[in-house]
Each structure stands twice: as structure tokens, then as C-alpha cells.
Amino acid sequence: MIAKEVKIESPDKKFLRHPEIEDFASDNVYSQSIQPPANWESIMEGIRSMRLSEHAPVDSIDPDEGVTSLQPKERRFAVLVGSLLSSQTKGHVTHEANQRLLENGLLSADTMDRADEATIKSLIYPVGFYTRKAQHLKQVAKVCVSKYDGDIPSTVDDLLLLPGVGPKIAHLVMIMAWNKVEGICVDTHVHRVSNRLGWVSRPGSKQGTRSPEETRVSLQQWLPREEWVSINLLLVGFGQTICTPLRPRCAKCTIREFCPSAFKEISTPASTSKTRRPKKELG
DNA sequence: GTCCTGACGG
DNA sequence: CCGTCTGGAC
């Protein structure tokens with residue numbers, strides 16, 4: 001039988017479409033409950049145009065490099081490991097660490113389980129929080145071996161039971177490893193940009209969301225499921241280049257006329273806690 | 001001083 | 001809700 005034709009596109013513009021995703025569930029009822037924000041489709045198109053014209057760091061990373069040759073079980077484990085390494089770490093650093101694990105044959109639950117923790121630690125350096133992540137990787141590998149026959153959990157709830165796996169990673173792994181869209185992968189960029197655009201709010205309130213989880217739930221109430229995958233790379237790259245955490249480049253932004261935060265020095269949810277002054281001047 | 005595609009314990 | 005975990009880049 002003839003499979004769907006997958007067009008070969010510029011490898012760094014994968015965010016444009018995700019032909020490999022099959023699971024667009026029919027239970028679309030929740031999408032109707034909340035009125036979508038005005039002009040959201042025009043805004044998405046504007047962001048897409050900006051993403052095509054300006055290169056973002058996230059575009060130069062191919063998470064599949066080297067792991068497509070692995071068996072399905074190992075490929076899924078590699079996706080999980082790469083996602084675990086990614087928190088608070090730049091993309092290319094994460095990618096290089098994952099490649100070192102691959103070269104040393106550690107991208108399988110079985111070998112990772114038996115590997116020395118100090119070895120893992122040295123191989124993943126200098127990703128952020130490498131000491132904790134080396135511990136988490138060993139624990140995760142052991143669970144995968146003992147409970148999943150070397151595979152990884154296949155549901156969000158079971159993924160969340162793994163140490164070091166939170167909502168952002170769980171939803172990313174469901175998409176990248178299992179080709180299932182259970183929810184939007186909301187990271188710091190999606191969280192910040194969504195709030196600046198006024199796309200999300202706390203339940204029964206006009207105020208913005210205070211956590212990525214609140215952002216995920218709020219976004220999913222109006223954004224059509226077809227966009228749940230593409231929204232991530234779209235807003236991540238946009239957040240890396242134009243809608244940056246500090247000093248967003250509103251002058252270069254083509255959707256500023258739609259943005260309630262344009263040219264305002266807003267305190268974003270992501271930066272509020274970190275910008276807080278560690279010491280008070282008491283006079 | 002702040003960011004980096006977060007998660008966890010207090 | 002808050003601090004903490006890592007260290008390099010800017």
C-alpha cells in the first residue's frame with residue numbers, strides 16, 4: 001500500500017507541518033467552550049512569516065539525528081533522554097550531550113541502567129543540572145527496564161511518575177516518541193508569549209496565567225487540535241529571536257498592532273520571580 | 001545581572 | 001509560592 005507522501009522540506013523548517021502525527025482525536029468539544037482570541041489566525045500567520053525570514057537557534061537542531069537508525073524501543077528511550085537533558089539547557093548543548101551518550105552506547109534503557117552514574121555525569125556535562133539529571137537518568141532507566149521491558153511509559157500519567165519528568169517533558173515525549181497529541185507542550189517561551197498576546201487567562205479571571213500548566217489548559221480550551229503540535233516550535237523560535245524574555249524586539253515584530261503588550265515593559269510570569277531583588281535596601 | 005524549550009522539595 | 005540545581009554565554 002502507498003503511504004502518505006511526505007514532502008521533503010527544508011529540514012530547518014519542520015515547524016510548518018507535522019505529517020507524521022496521526023492522532024487528531026475527534027473529541028473536539030472542549031475547543032468550542034471558550035471564544036478564541038481575536039485575529040489569532042492572522043497572528044499565527046504573522047509569526048510564521050517572521051519565523052521563515054529570521055533564523056532561530058531551535059531551527060538548527062535535528063533531534064532525530066543519529067537516532068532514526070535505532071530500533072523503535074531505543075528510539076523512544078533516546079527521545080525521553082534528550083527531553084530530560086533539555087531543561088534549562090541550550091539546544092545544541094543538549095544535542096551534543098545526547099550524541100555522546102549515543103556514541104557510548106548508552107541510549108538504551110538496558111545499557112543506561114548498568115552504566116556508572118559518574119560516567120553518565122561526565123558524558124552529559126555541561127547540560128544544566130547535570131548531577132541531578134545523571135541520577136534521574138539512572139532511575140528512569142531502571143524503571144523502564146523493570147516495568148516496561150526496556151521501553152518507556154506510553155501515557156502522560158505514567159510518564160509523570162518518572163523522576164525529572166514534568167508536564168512539559170511528558171507532552172513532548174508523547175508527541176515525539178509515540179506520535180500522540182495528548183496536550184500542548186508548554187515551555188517557558190510558549191508560556192511567556194501566550195501571556196503577552198493575551199491568549200491565556202486564569203479560570204474566571206482576566207489575569208494572565210501564573211504557570212506553564214495553567215497556560216497549557218487555557219490554550220487547549222480554544223486552540224484547534226491541528227495546531228497543538230506546531231504551536232511549540234512556532235513560539236519557541238519566536239521567543240528566542242523576537243519576543244525575548246527581556247527587552248522584546250517589538251520594533252521588528254510584524255504583529256505588534258495585535259499585541260496588547262507591544263512596547264510595554266511588562267513583567268512576564270517567567271521573569272517576575274527571577275527579577276525579584278535578593279536583598280532589600282532598608283535605608 | 002539574566003538567560004538557557006523545568007522539575008522538585010520546602 | 002519560593003529557592004535550588006549547573007555553568008557558560010552575553
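The chains referred to below are lettered A, B, ... by the order of the sequence lines, with proteins before strands, and numbering in each begins at 1.
- Straight-line distance from the CG atom of A:Leu85 to the P atom of C:dT6: 14 Å, rounded to whole Å.
- Contact annotation: A:His191 does not reach the phosphate of B:dT5 (side-chain N/O to OP1 or OP2, under 4.0 Å).
- Across all strands shown, A:Ile169 has heavy atoms under 4.0 Å from sugar-phosphate atoms exclusively, and none from any base.
- As rounded to whole Å, 19 Å separates atom P of B:dC4 from atom CD of A:Glu96.
- Against DNA chain C, the stretch residues 124-133 of chain A makes heavy-atom approaches under 4.0 Å through A:Tyr125, A:Gly128, A:Phe129, A:Tyr130, A:Thr131, A:Arg132.
- The CG atom of A:Leu84 sits 20 Å away from the P atom of C:dC5 (whole-angstrom rounding).
- Contact annotation for A:Gly239: no contact, since no heavy-atom pair falls under 4.0 Å across all strands.
- Rounded to whole Å, atom P of B:dG1 lies 15 Å from atom CZ of A:Arg247.
- Contact annotation: the side chain of A:Val93 never approaches that of A:Tyr125 to less than 4.5 Å [non-hydrogen atoms, C-beta and beyond].
- Using modelled atom types, one finds no donor on one side chain facing an acceptor on the other under 3.5 Å when comparing A:Ser42 with A:Glu45.
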Listed pairs under 3.5 Å, donor-acceptor, residues 154-161 of chain A side chains, sequence neighbours left out:
from	atom 1	to	atom 2	distance (Å)
A:Thr155	OG1	A:Asp158	N	3.1
A:Thr155	OG1	A:Asp158	OD2	3.2

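- The side chain to side chain donor-acceptor pair (under 3.5 Å) test applied to A:Asn39 returns no partner, not counting sequence neighbours.
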Between the protein and nucleotides 8-10 of chain B, list every N/O to N/O distance that falls short of 3.5 Å.
from	atom 1	to	atom 2	distance (Å)
B:dC8	OP1	A:Gly164	N	2.9

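- Every residue was checked against the side chain to side chain donor-acceptor pair (under 3.5 Å) condition with A:His136, not counting sequence neighbours, and none meets it.
- Rounded to whole Å, the distance from NE2 on A:His189 to P on B:dT5 is 5 Å.
- Comparing the C1' positions of B:dC4 and C:dC1 gives a spacing of 23 Å, expressed to the nearest Å.
- Between the NZ atom of A:Lys90 and the C1' atom of C:dG8 there is a distance of 8 Å, given to the nearest Å.
- A:Lys168 comes within 4.0 angstrom of a base, heavy atoms only.
- Going from the P atom of B:dG10 to that of C:dT6 covers 16 Å, rounded to whole Å.
- Applying the ring-ring contact (aromatic ring centres under 6.0 Å, His included) test to pairs two or more places apart or on separate chains, none has a residue in residues 76-124 of chain A.
- Here B:dT5 presents its P atom at 20 Å from CG of A:Leu219, a figure rounded to the nearest Å.
- Legend: residues meeting side chain to side chain donor-acceptor pair (under 3.5 Å) with A:Ser201, ordered by chain and number and at least two apart, are absent.
- Using modelled atom types and a 3.5 Å distance limit, the side chains of A:Arg75 and A:Gln71 yield no donor-acceptor pair.
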Quick one: side chains of residues 111-118 of chain A, donor-acceptor pairs under 3.5 Å with protein atoms, not counting sequence neighbours, listed by atom name and distance.
from	atom 1	to	atom 2	distance (Å)
A:Thr111	OG1	A:Gly105	O	2.9
A:Thr111	OG1	A:Ser108	O	3.2
A:Thr111	OG1	A:Ser108	OG	2.6
A:Asp113	OD1	A:Lys142	NZ	3.3
A:Arg114	NH2	A:Asp110	OD2	2.9

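- The separation between A:Gln135 atom CD and B:dG6 atom P is 20 Å, rounded to whole Å.
- For B:dC3, the OP1/OP2 oxygens have no side-chain nitrogen or oxygen of A:Gln88 closer than 4.0 Å.
- In this structure, the side-chain contact (heavy atoms from CB on, under 4.5 Å) partners of A:Leu123, at least two apart in sequence or on a different chain, are A:Arg100, A:Leu101, A:Asn104, A:Leu106, A:Thr119.
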